[in-house]
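What follows is a single structure, written as structure tokens, with notes after it.
Any value given below was found using the heavy atoms of this structure, including those in side chains, with hydrogens, waters and symmetry copies removed. Just so it is clear, the structure is predicted and the values come from calculations on it, not from any experiment. Chain naming here is simple, since letters A, B, ... match the order of the sequence lines and numbering starts at 1 in each.
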There are 2 protein chains.
Amino acid sequence: MKKPLSDPEESATDEAARAAWLYYVGGLTQDQIATELGVSRQRAQRLVSKAMTEGLIHVRLEHRIAGCLALEAELKRRFDLKTVRVAPRLGEGADPTHAIAPVAASVMERFLRQPEPQTIALGTGRALRAMVEELPKINCEHHKLVSLIGNISPDGTASNYDVIMRAADKLNARHYPMPLPVLLDDPEIRRSFYALPQLKIVALLAAEADVTFVGVGQMTESAPLYVDGFISAEDLREERALGAVGEIASWCFDSEGRYLESRLSRRVGGLRPGGREGAHTIGIAAGPEKVTPLRAALKGRLLNGLVTSEETVEALLA
Amino acid sequence: MKKPLSDPEESATDEAARAAWLYYVGGLTQDQIATELGVSRQRAQRLVSKAMTEGLIHVRLEHRIAGCLALEAELKRRFDLKTVRVAPRLGEGADPTHAIAPVAASVMERFLRQPEPQTIALGTGRALRAMVEELPKINCEHHKLVSLIGNISPDGTASNYDVIMRAADKLNARHYPMPLPVLLDDPEIRRSFYALPQLKIVALLAAEADVTFVGVGQMTESAPLYVDGFISAEDLREERALGAVGEIASWCFDSEGRYLESRLSRRVGGLRPGGREGAHTIGIAAGPEKVTPLRAALKGRLLNGLVTSEETVEALLA
DNA sequence: AAAGAATCCGGGCAATTGCTCGGTATGTGG
DNA sequence: CCACATACCGAGCAATTGCCCGGATTCTTT
């Protein structure tokens with residue numbers, strides 16, 4: 001009735017995958033899985049759960065909800081955008097980042113599926129990190145991933161949200177991280193960094209990118225830049241005094257969506273999102289605190305694409 | 001706390017999609033969904049279940065199990081195949097067709113994702129039908145779907161397993177069904193059908209197909225051709241006497257994988273799978289009763305690709 | 001080798017889910 | 001307008017699942 005596993009040395013992940021397959025595809029109960037695999041019911045449940053947390057299971061909804069489609073169309077029209085995707089609302093207290101991640105991943109996937117080599121520029125932040133987490137494994141050796149922003153934190157650790165590395169790992173793509181601190185206080189050092197040949201290559205690629213994905217940060221007290229310790233309370237105050245309401249890849253902009261020239265902007269280690277003529281620049285952001293910065297960024301045409309959540313669009317259009 | 005649906009006229013499917021989104025992506029409980037949507041818990045459960053049965057939810061396993069990969073490699077080597085995918089075993093009593101369907105769909109998806117126009121030929125049968133059912137919605141207006149086999153049953157109804165129509169519907173692709181009975185007893189009528197210009201177009205396309213997907217039928221008492229009433233017990237006996245062990249798109253072959261010339265073969269309304277030089281011809285079949293026909297088909301190189309199940313490969317290689 | 005830490009395992013329980021059943025609204029044909 | 005058929009709906013119950021806990025096992029460290 002039951003078969004002992006032919007290979008006793010099957011890895012734990014394999015076993016989890018097998019359990020998940022039986023559960024989600026086969027529709028077996030955990031008890032049946034346990035019998036099938038010759039383990040206890042509890043172990044079966046742990047395997048299924050493990051498969052889930054390890055991201056082995058991807059769930060996709062085939063149906064676009066009419067209400068969201070309408071919002072997409074309206075947003076596209078209002079701000080003259082090329083790409084818009086709106087994720088249906090999740091519960092009241094839910095993290096909006098979580099809601100948009102799978103949708104953002106599917107948008108990125110469309111570019112990744114292109115057989116023509118694409119250059120894809122990436123910012124950082126929780127939203128992008130979540131998006132990458134939702135990506136399936138695809139072989140993209142013909143594409144290039146470029147980072148827009150330095151990956152060295154003030155505390156010296158290499159990664160804040162190491163978006164590029166994770167993505168490159170999943171996609172098996174060439175990747176060009178930016179070997180640069182996020183902020184460089186000394187203009188002299190900054191200049192010398194920028195003079196590095198590797199950096200010039202990255203800058204060149206980013207300027208030719210076919211598509212750029214960026215998060216959008218607010219500049220309130222909960223500003224990600226500040227909360228994560230990249231800028232000081234002083235910096236934050238200063239930028240706000242200049243009218244900053246949001247930032248993209250650490251570049252602050254005002255309520256009209258104009259990038260600011262400031263003490264901070266002269267310290268940023270990174271590149272402004274741009275890309276070649278006609279390229280996509282897609283913002284990934286959702287949540288009440290993103291409404292003001294998003295509205296500004298859209299008004300100033302810093303973005304021509306957006307992935308966000310139902311609640312956020314409603315607020316944006318209100 | 002709860003919001004009434006902004007649009008009271010949201011369709012039932014939309015509501016189901018919303019419930020499923022909350023359940024699978026948001027991880028809410030059915031009670032929470034009920035509150036969120038302002039319906040009873042039972043309705044929430046029905047919506048989620050409906051989303052599932054309507055195929056709005058697609059589950060995909062990101063991890064290829066080592067054991068299956070090994071089997072694929074071995075099968076590929078043994079029969080010199082271009083494409084092999086092995087689905088992990090489901091429970092003892094499970095329908096193997098169900099197990100291979102999602103895997104087959106992902107193989108087909110790879111062709112569908114090609115931006116170059118593809119001509120895809122399709123046979124019929126339960127396995128293909130299940131595969132199509134698992135396809136996601138993709139826009140494939142640049143591809144062409146061609147049927148290899150007549151779609152008019154002996155009882156006059158238009159569809160046995162109307163694979164092409166379903167596929168074309170999901171993919172929005174040009175499709176060329178074969179307006180032909182599955183079997184034509186009168187040679188005269190057969191000739192005149194084949195002379196139809198529409199049919200010549202279909203034949204031309206099939207002969208140039210980039211990839212062909214076919215089921216593989218056994219020729220035992222449980223032969224699909226017989227069970228579904230396309231051939232008589234008499235026909236079956238006759239073919240078996242000639243050595244038939246299996247059939248592909250109604251074309252019987254013997255244990256060496258050679259197509260048979262017979263009374264039946266002269267009545268078949270359809271085309272042999274072929275396609276252009278170097279094209280893919282992929283069999284979709286699993287289950288103990290398919291082992292013998294599959295072994296023959298592979299030996300005779302009637303196929304150069306296969307999607308099947310773990311148990312089936314083990315039997316094939318034994 | 002022994003102590004300690006960490007992990008793993010299965011029992012048991014509470015929450016969640018799937019499903020059946022009887023009742024009610026809706027609609028349809030006479 | 002009534003009778004009948006159909007679909008929908010909520011209550012209640014049994015099965016399934018998620019998770020906590022004490023005990024066992026393995027690995028590390030001294």
How many whole angstroms separate atom [atom1] of [X] from atom [atom2] of [N]?
X	N	atom1	atom2	answer
A:Lys50	C:dC9	NZ	P	10 Å
B:Gln42	D:dG12	CD	P	10 Å
A:Arg46	D:dT17	CZ	P	15 Å

| Can you list the steps and then say if A:Glu311 with A:Lys290 is a salt bridge (charged side-chain N to carboxylate O under 4.0 Å, His left out)? | CA-CA 11 Å; A:Glu311 310 91 301; A:Lys290 305 289 188 186; over 6 Å; no
| task | Identify the two heavy atoms, one from A:Tyr23 and one from A:Leu28, that lie closest to each other, and give their separation to 0.1 Å. | result |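 Residues A:Tyr23 and A:Leu28, closest heavy atoms: CD1-O, 3.4 Å.
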| Does B:Trp21 reach the main-chain N or O of A:Leu90 with its side chain, forming a donor-acceptor pair under 3.5 Å? |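 Checking the backbone N and O of A:Leu90 against the side chain of B:Trp21, no donor-acceptor pair under 3.5 Å is found.
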| message | Tell me whether B:Asn172 contacts the main-chain N or O of B:Glu141 through its side chain, where contact means a donor paired with an acceptor under 3.5 Å. | response |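 Checked: no pair found.
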| Heavy atoms under 4.0 Å, any strand shown: does A:Arg43 hit a base, just sugar-phosphate, or nothing? |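 Answer is sugar-phosphate: A:Arg43 comes under 4.0 Å of backbone atoms only.
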For nucleotides 14-18 of chain C, which of its nitrogen or oxygen atoms have a protein nitrogen or oxygen under 3.5 Å away, and what is each distance?
{"from": "C:dT17", "atom 1": "OP1", "to": "B:Tyr23", "atom 2": "OH", "distance (Å)": "3.3"}
{"from": "C:dT17", "atom 1": "OP2", "to": "B:Gln30", "atom 2": "N", "distance (Å)": "2.8"}
{"from": "C:dG18", "atom 1": "OP2", "to": "B:Gln30", "atom 2": "NE2", "distance (Å)": "2.6"}
{"from": "C:dG18", "atom 1": "OP2", "to": "B:Gln45", "atom 2": "OE1", "distance (Å)": "2.5"}
{"from": "C:dG18", "atom 1": "O6", "to": "B:Arg41", "atom 2": "NH2", "distance (Å)": "2.9"}

| Taking side chain as C-beta onward, heavy atoms only, is A:Ser147 less than 4.5 Å from A:Leu122? |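 No - every pair of side-chain heavy atoms lies 4.5 Å or more apart.
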| message | How about CZ on B:Arg110, more than 12 heavy atoms from neighbouring residues, nucleotides or ligands closer than 6.0 Å, or not? | response |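 Atom CZ in B:Arg110 is not crowded, with 12 or fewer foreign heavy atoms closer than 6.0 Å.
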| query | Taking only side-chain nitrogens and oxygens of A:Ser40, does any of them come within less than 4.0 Å of OP1 or OP2 of C:dC9? | reply |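 False: A:Ser40 side-chain N/O out of range (4.0 Å or more) of C:dC9 OP1/OP2.
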